[in-house]
Amino acid sequence: MQNSNRFHYGVVYGIFAILLLPLLSTALYSLATRWGATILPDGLTFDWYIQLWSDPRFLLAFGQSILICLGALALGTLLIVPTIFVVFYYFPRLKWVMNLLILLPFAVPPVVSSVGLLQIYADDPFPIVGTPWILIFTYFTIALPFMYRAIANSMHALNLPDLMDAAHLLGASTWQAFLLVVLPNIRKGLIVSLFLSFSFLFSEFVFANILVGTRYETLQVYLFNMRHTSGHFTSALVISYFMFVLIFTWIANRLNK
Amino acid sequence: MSYVEVTNLAKRFDSTPVFKEINFTINKGEFITLLGPSGCGKSTLLRCIAGLNSVDNGSILVDGEDITSLPAQRRGIAMVFQSYALFPNMTVTDNIAFGLKMQKLSSDEIQRRVREGIEMVELNGREDHYPHQLSGGQRQRVALARSLVMQPRILLLDEPLSALDAKIRKNLREQIRLIQQELNLTTIFVTHDQEEALTMSDRIFLMNSGQIVQSGSAEEIYTEPADAFVASFIGNYNLLQAEQARAMLGLDTQLKVAIRPESILISSLSPVDTRSHYSQPISGTVKSSMLLGNVIRYRMDTDNGELVVDLLNRSSERLVSRGTQLELQVNMDEVREVA
Ligand SMILES: Nc1ncnc2c1ncn2[C@@H]1O[C@H](COP(=O)(O)OP(=O)(O)OP(=O)(O)O)[C@@H](O)[C@H]1O
Ligand SMILES: [Mg+2]
């Protein structure tokens with residue numbers, strides 16, 4: 001018993017260490033002045049970070065990434081929350097249709113769907129190819145399944161018909177009932193899904209590169225374009241980026257408790 | 001004039017009718033129990049009165065006002081659900097205050113009424129708890145208070161006690177009845193528990209497949225079942241077919257016959273009440289016996305079918321064992337012919 005326990009812990013920590021190792025070495029590399037033929041770097045410095053965080057192109061890409069993610073999530077929220085409410089309250093029998101629809105974005109690989117998206121968004125009524133809008137409109141479709149699942153789960157936990165009936169009998173309109181009763185109860189699911197969606201949209205590369213590329217540089221595209229500069233510099237970029245996403249994911253997890 | 005008048009009420013879902021011609025009146029302050037088997041339309045009737053379901057025909061009058069087409073928000077009718085339907089994101093206080101806030105009352109008035117409501121259902125000290133921090137009984141009391149503070153014209157309760165365990169159920173039903181009488185609140189209480197119906201109500205409406213088959217006081221329904229359905233639904237009646245009754249009791253009848261288990265006695269164990277008129281002795285064999293607290297219930301096999309017999313569980317009487325032959329006599333004054 002003792003032994004097998006120790007073995008299990010050993011395996012888990014081992015895997016953890018293996019996964020953490022590249023990250024640690026990247027972190028170390030980003031802090032190193034020079035790291036050539038020696039086991040440890042020659043010296044430590046924050047220069048790479050200072051250089052990165054004072055590069056206007058980086059700051060712009062960072063800001064644009066945030067803007068696009070926020071735009072996509074705002075659009076997603078505005079569309080999905082009322083939709084889920086309407087489906088769950090008025091057409092509960094259509095839940096399976098929603099479950100199916102919501103899986104579609106997974107069924108098509110990004111490289112393929114980006115071609116389709118380019119087609120749709122090239123002509124009227126949405127001539128937005130090459131503008132940040134196309135990314136917003138694409139990202140929100142990626143985030144939808146996650147948002148739908150998280151919010152639908154919170155909704156499932158509610159006894160929606162009875163709660164709505166009770167609210168109505170107490171004098172609330174459907175709109176008031178939605179605002180005062182339904183929304184506060186799905187808020188946690190919504191926020192968690194927003195944080196999680198944010199962190200993976202933030203790291204999305206394929207669509208960003210194909211649909212917009214350098215015309216509206218996001219963080220990943222910037223990272224990609226910087227791949228030939230100093231390794232210390234890109235390491236600092238990767239670590240900064242990783243920390244940012246880590247913090248977001250951590251907050252999402254905290255909220256989920 | 002009656003306080004509530006329901007006339008020719010009809011409701012169907014798609015093409016299936018739930019009920020066609022519901023008619024009844026209720027007086028101010030009356031406690032009505034709607035009793036009936038699962039699926040007979042009790043909840044639907046209640047929801048039609050509340051305005052949660054539309055009706056296809058007929059009218060509902062409360063205090064002379066026709067509310068048939070008013071939205072639920074404006075009927076002044078409150079409802080308590082089996083599922084409690086408390087708002088999970090609100091404390092006890094906020095739940096109870098919800099309806100008052102919707103009415104845009106002054107905050108003093110809201111505070112005062114919430115205070116009263118909490119005291120009425122004895123939830124003092126739980127004001128800041130959330131529903132998930134309360135027991136089932138406490139939750140249902142919050143739901144009750146939330147309805148009561150609205151000072152509704154009618155209080156509807158749809159199986160409010162079904163999710164609770166026996167002891168709390170008994171407690172809460174007494175509390176509901178007390179509050180109802182104190183406030184002189186016109187109340188319709190849905191249940192499929194006959195004990196609940198018999199103990200709480202001024203009148204019972206017995207429903208079966210979309211019809212009110214009998215209405216009356218607990219005593220009337222219990223002693224004078226209108227038909228075979230009522231007899232089989234209430235009080236464990238023995239229901240005999242006409243030919244069985246003719247053979248067993250020597251009755252000249254073309255109808256089914258209902259005999260309450262407590263109106264049969266076992267001649268060797270209990271003395272015959274000389275004021276009543278008893279049937280010929282019927283011989284039977286004990287098939288099983290069951291102790292129900294103050295009552296012992298025997299199932300007896302006779303030549304003309306099975307009979308259920310209830311005896312008071314007096315300490316002087318021993319439990320008769322299985323297979324024993326006994327003589328039974330039926331109190332003919334309490335035998336009812338039913339359609
Ligand atoms: N929304 C609905 N759509 C279609 N049919 C319904 C709907 N609600 C109820 N019914 C049907 O109407 C009939 C009566 O249902 P109702 O819920 O009123 O029964 P009930 O007497 O309250 O039963 P229970 O004791 O099980 O609560 C049932 O046959 C049910 O299937
Ligand atoms: Mg019901």
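Since this is a predicted model, take the numbers as computed values, not measurements. Lettering follows sequence order; numbering is per chain, from 1.
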Phe62(A) vs Trp53(A) aromatic rings, parallel, tilted or perpendicular, using cut-offs 30° and 60°?
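If you compare the ring of Phe62(A) with that of Trp53(A), the planes turn out perpendicular.
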
For the pair Phe137(A) and Phe140(A), name the ring-plane relationship: parallel under 30°, tilted 30 to 60°, perpendicular over 60°.
perpendicular

So for [X], is it side chain, backbone, both, or neither that comes closer than 4.5 Å to the heavy atoms of chain A?
X	value
Ile77(B)	backbone
Leu100(B)	neither
Met79(B)	both

State yes or no: are the ring centers of Phe207(A) and Tyr139(A) separated by less than 6.0 Å?
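That pair fails the under 6.0 Å test.
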
Can we call the ring centroids of Phe248(A) and Phe202(A) under 6.0 Å apart?
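Here the rings of Phe202(A) and Phe248(A) have centres that are no less than 6.0 Å from each other.
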
Where on Leu158(A) is there a heavy atom nearer than 4.5 Å to chain B: the side chain, the backbone, both, or neither?
side chain

Answer with side chain, backbone, both or neither: which region of Ala167(A) has an atom nearer than 4.5 Å to a non-hydrogen atom of chain B?
both

So does Phe16(A) have more than 12 non-hydrogen atoms from other groups sitting under 6.0 Å from CZ?
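Counting neighbours around CZ of Phe16(A), 12 or fewer heavy atoms of other residues, nucleotides or ligands fall under 6.0 Å, so no.
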
Do any N or O atoms from the side chain of Glu217(A) and from the backbone of Ala61(A) form a donor-acceptor pair under 3.5 angstrom?
no

Would you indicate whether the side-chain heavy atoms of Phe87(B) and Pro184(A) approach each other to under 4.5 Å?
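Of all side-chain heavy-atom pairs linking Phe87(B) with Pro184(A), none is under 4.5 Å.
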
As an exercise, state the distance from CG of Leu223(A) to CZ of Phe205(A), rounded to the nearest 0.5 Å.
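One gets 8.5 Å once the value is rounded to the nearest 0.5 Å.
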
Present all donor-acceptor pairs from chain A to chain B with distances below 3.5 Å, rounded to 0.1 Å.
{"from": "Asn159(A)", "atom 1": "ND2", "to": "Ser83(B)", "atom 2": "OG", "distance (Å)": "3.2"}
{"from": "Asp162(A)", "atom 1": "OD2", "to": "Ser83(B)", "atom 2": "OG", "distance (Å)": "2.4"}
{"from": "Asp165(A)", "atom 1": "OD2", "to": "Arg47(B)", "atom 2": "NH1", "distance (Å)": "2.8"}
{"from": "Asp165(A)", "atom 1": "OD2", "to": "Arg47(B)", "atom 2": "NH2", "distance (Å)": "3.2"}
{"from": "Ala172(A)", "atom 1": "O", "to": "Gln73(B)", "atom 2": "NE2", "distance (Å)": "2.8"}
{"from": "Leu180(A)", "atom 1": "O", "to": "Asn89(B)", "atom 2": "ND2", "distance (Å)": "3.2"}
{"from": "Asn185(A)", "atom 1": "OD1", "to": "Asn89(B)", "atom 2": "N", "distance (Å)": "3.4"}
{"from": "Asn185(A)", "atom 1": "ND2", "to": "Asn89(B)", "atom 2": "OD1", "distance (Å)": "3.0"}

